[in-house]
Amino acid sequence: MLRDITLGQFFPGSSVLHKTDPRVKILLAIAYIVAVFLVKSPSGYILLSAFTITLVLISGVKVKVVLKGIKPLIFIVIFTAVINILFTKGENLLVSWWIINIYAEGLANALFMSLRIISLLVGTSVILTYTTSPIALTDAIERLLSPLRVLHIPVHEFAMMMTIALRFIPTLIEETDKIMSAQKSRGADFQTGKLHERVRAFVPVLIPLFVSAFRRADDLAVAMECRCYRGGRGRTRMTKLHLHLRDLFAVVVMAAFIAGIVVLNKYLPLNFV
Amino acid sequence: MNAAQLKNVSYIYSKDTPFEKTAVSGVDITIESGLTTGVIGHTGSGKSTLSQMINGLIKPSEGEVFVLGKNIWDEPKKIKQVRFRVGLVFQYPEYQLFEETVRADIAFGPKNMKLDKDEIERRVLDAARFVGIPEDMLDRSPFDLSGGQKRRVAIAGVIAMRPDILILDEPAAGLDPRGRNEILSRISEYKKETGSTVVMISHSMEDMAKYCDKILVMNRGKAFLYGTPSEIFSNAHLVESVGLGVPQVTRLMQKLRDMGYDLSPSVYTVEDAAKEIIRALGGGGNAS
Amino acid sequence: MAKDVIIQAKGLSYSYEEDGKKTEVLHGVDIEIEKGTFTAVLGHNGSGKSTLAKLFNLVLTPSAGELWLFGKKIDEKELSDDELYEIRRRVGMVFQNPDNQLVATVVEEDVAFGPENLGVRPEEIRRRVDDALALVGMTEFARHSPHQLSGGQKQRVAIAGILALSPDVIIFDESTAMLDPIGRREVIDTIKKLRYDEGKTIILITHYMEEAAEADRVVVLSDGSVTAVGTPKEVFSKTELLHSAGLEAPQITELMQALSDAGYNVPRDILDVEGGAMAISKLFGENKR
């Protein structure tokens, strides 16, 4: 059961988005977030939605998967929408009942806020996590942040930690499964009982897990030293990242998109309320 | 009497996903009471899945599991009781120790059985004795013990539940010859003294030959061979055909038979081989 | 031809202190390892065999005695960082638990880890990674994640990771102990390939006799001291010495000695089935006469 969780939610594929340089993708994701917050007009929201849907379609990630990714956010979306509907005051009163006044502006705000949240999540996932392997992502972060080394920020160490964490997550998940089975064989019960009892039931799982994690860390440290690891200094990398024409193309598309939003905001807002 | 019976059981991992994998298919065997049954097979042959089916950790996708004559999935809510009756010692069990003292760790199972204090204490002492953990070690932290000692404490934790069937998944894995012999002979003593049924998974044919009354050879999820050691080893070529080794002396005897010497095919220990060769040579010492 | 000794221990000892209690793990170990040979170090758990390995690549510092590596006496205090890492590069080490020595989430990235640490040029790293993976037969798994591999495959990746550092000596610190028979076979076959085809010097630490039987030389460690050195044949025929060191001789050797003790005329130092069959068949021949 634990094994079914896939961290980072990377879906291997060969779409343009998969092939784009991970460093570029991180920058594009940031640009995309900025773009989402630049949207001020209904027409802008239409463009944003169309752009995001196009991203999903070209990524090759199944729509079902994307929808499933939105699911945990549904509560926040509904909550924001309700708050907007109830508390936005405007000029076009639609419904008035007891102390509740619903304005057209409120409905519009609710719709736009929902679109904004969903786009943020879907867009960044499609640009980054769904289409970039965790290792490429870590690598890209290290390279992008490498100028910070001048300020004595341990960029390499941070990236190394990320890599090792990613490497050991499946191992530790498997180990958790095994320890749980072993303690179940000794009559441990993880499913029934009151909340505090259930939390306590995990002690026999967590302690061996920690002990084992520390042992692994010890072993790994020695193994790394034996492979001449001495921190980031003087280190080279096997894979060099090269920018391609398609990366430039991606940047141009994103720039066009942002420009489009700005233009629509100003010249063709299509305000209906 | 049957200790456990597997009726045509199959198990498929991650059913209906791209990772679907058949671990066990159509296994139909009876584990006899009071015997030590050895299970051997390659990694992925289904032997571990099989053992987890007997104690109800895994529910077979198909087929039925009987323990002491009762279908264990008749009352799924009482599956915990089955786990107390069928004690399962996992591979590298020392990695599940967690309590502050050896005593408390061995007591974890009995405590979950809701036994009274005196009974728990009795069982802890008994179990410790079976695995050769001296009493003065009981108040130490399990994490301060040597690897072999930890292993024995973990096994004691299962023995303390006094299961009718004790299943051990590679109890000697990673130990040196001295550690192996110590653990395996302790288990064999335990079996003799309590008369309980033992199922032992191992990669070592030598150990199987030495300690088991019956051997089950698993191959690709199926029960490939099942019989007494002499039955199994007289079919040495079948065992070797699935890539498993037979003891060195068995191969030697086979080779001598192929060369035309009249020797028994079912010899698998050094002592028996020496006896058999001396018998064939006309007995007694050779005054050379 | 003069012997080319690349590792030499003279009276090497190691002890550590814990809670004010001093524990001596190794005392006065003398060992010579010749270039291009395959040496098996046998011993029970706690015999000090893993400690010895860690002394050889300077992960641990001896408390007494001399260690000579590649013709130079090692003085830890005099050693510069660069010299220390150069020795670690030349004396590679593969450990017991295959999971705890792989760093990266992709096989080829892991193999690249060592040369990357050395600051090797990217094209050269690529070449070394491809060569190392080919040598251990893992090329087709280059883009796999380590956790999808079997134990034997993971160990082969670990070996490739060491090979990419182009070491002279590779120490296998109980690298087969956690593997199933198939995995063990994979590792031993790889070791033999490295010794015979690549000319690497191999030190295999193990407690499996059948693995040690493949070596040129066997060293038996017991409670921190060397109790026997010789060819597998010489060492394995000393069954009593092996038993007192917590080890077992091969079944055939035990059988031959049982027959010999019963008064039959058979050699006491036979290790394999073929030799055993020959000797016993000779016995039958003599009997007919």
Side-chain angles (χ1 to χ4, degrees), chain B residues 40-45 91-92 144 146-148 170 173-182 202-206 209 243-245 247-263 267-278 280-288, chain C residues 42-47 49 96-97 150-152 174 176-185 206-210 242-266 270-281 283-284 286-288:
Chain B
I40 195 164
H42 292 304
T43 306
S45 62
Q91 211 179 354
Y92 297 105
D144 290 342
S146 77
E170 293 203 54
L175 298 180
D176 60 8
R178 190 185 282 164
R180 283 186 94 79
N181 288 339
E182 162 103 37
S202 170
H203 276 306
S204 161
M205 272 294 184
E206 278 83 1
L244 292 168
Q248 229 189 355
V249 284
T250 309
R251 270 194 292 145
L252 174 74
M253 299 307 264
Q254 189 73 42
K255 180 142 189 140
L256 289 167
R257 276 171 57 81
D258 291 347
M259 288 163 82
Y261 297 106
D262 181 27
L263 292 164
V267 169
Y268 42 87
T269 62
V270 172
E271 293 76 47
D272 289 353
K275 270 190 216 142
E276 177 63 11
I277 291 168
I278 291 171
L281 282 167
N286 187 347
S288 53
Chain C
L42 280 168
H44 57 87
N45 289 353
S47 62
K49 53 193 198 299
Q96 181 178 35
N97 191 328
S150 73
E174 296 203 57
T176 54
M178 292 181 78
L179 304 180
D180 64 4
I182 293 181
R184 275 166 54 197
R185 192 71 256 162
T206 183
H207 51 240
Y208 289 112
M209 302 309 272
E210 61 272 31
L242 290 178
H243 289 168
S244 70
L247 301 166
E248 274 170 352
Q251 278 193 332
I252 297 290
T253 317
E254 302 255 2
L255 174 63
M256 288 302 149
Q257 302 207 351
L259 290 174
S260 169
D261 290 345
Y264 292 93
N265 181 23
V266 288
I270 292 178
L271 309 183
D272 59 346
V273 172
E274 283 62 37
M278 289 246 293
I280 291 167
S281 142
L283 218 51
F284 277 104
E286 279 168 17
N287 238 31
K288 266 179 209 142

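Labels below follow one simple rule: chain letters A, B, ... track the order of the sequence lines, proteins then strands, and each chain is numbered from 1.
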- Item | Heavy-atom pair of closest approach, residues Asp272(C) and Gln248(B) | CA-NE2, 4.0 Å

- Query: Can you name the closest pair of heavy atoms from Lys255(B) and Ala277(C) and give their distance?
  - Reply: CG-CB, 3.9 Å

- Where Leu256(B) and Ser281(C) come nearest, the two heavy atoms and their spacing: CD2-N, 4.4 Å

- Task: Give a yes or no on whether the backbone of Pro177(B) and the side-chain of Glu248(C) come within a donor-acceptor separation of less than 3.5 Å.
- Result: no

- Message: Using heavy-atom distances under 4.5 Å, tell me whether Leu271(C) contacts chain B through its side chain, its backbone, both, or neither.
- Response: backbone

- Between chain B and each of Met209(C), Met178(C), Glu254(C), Glu174(C), count heavy-atom pairs under 4.5 Å; write down the option with the most. Met178(C)

- Query: At a heavy-atom separation under 4.5 Å, does Ile182(C) approach chain B through its side chain, its backbone, both, or neither?
  - Reply: side chain

- Query: How many angstroms lie between atom OG of Ser150(C) and atom NE2 of His42(B), to the nearest 0.5 angstrom?
  - Reply: 12.5 Å

- For His207(C) and Leu175(B) the tightest heavy-atom approach is NE2-O, 3.1 Å

- Query: How far does CE of Met253(B) sit from CD1 of Ile280(C), to the nearest 0.5 angstrom?
  - Reply: 7.0 Å

- Query: So which of Leu244(B), Thr43(B), Leu252(B), Ile277(B) has the biggest tally of heavy-atom pairs under 4.5 Å with chain C?
  - Reply: Leu252(B)

- Message: Quick check for you: among Val249(B), Thr269(B), Asn181(B), which has the greatest number of heavy-atom pairs under 4.5 Å with chain C?
- Response: Val249(B)

- Contact part of Leu259(C) toward chain B, heavy-atom cut-off under 4.5 Å: side chain, backbone, both or neither? side chain

- Task: Tell me, yes or no, whether the heavy-atom count around Asp262(B) atom CG, taken from other residues, nucleotides or ligands under 6.0 Å, exceeds 12.
- Result: no

- Is Arg251(B) reaching over with its side chain to a backbone N or O of Glu274(C), donor-acceptor style, under 3.5 angstrom? no

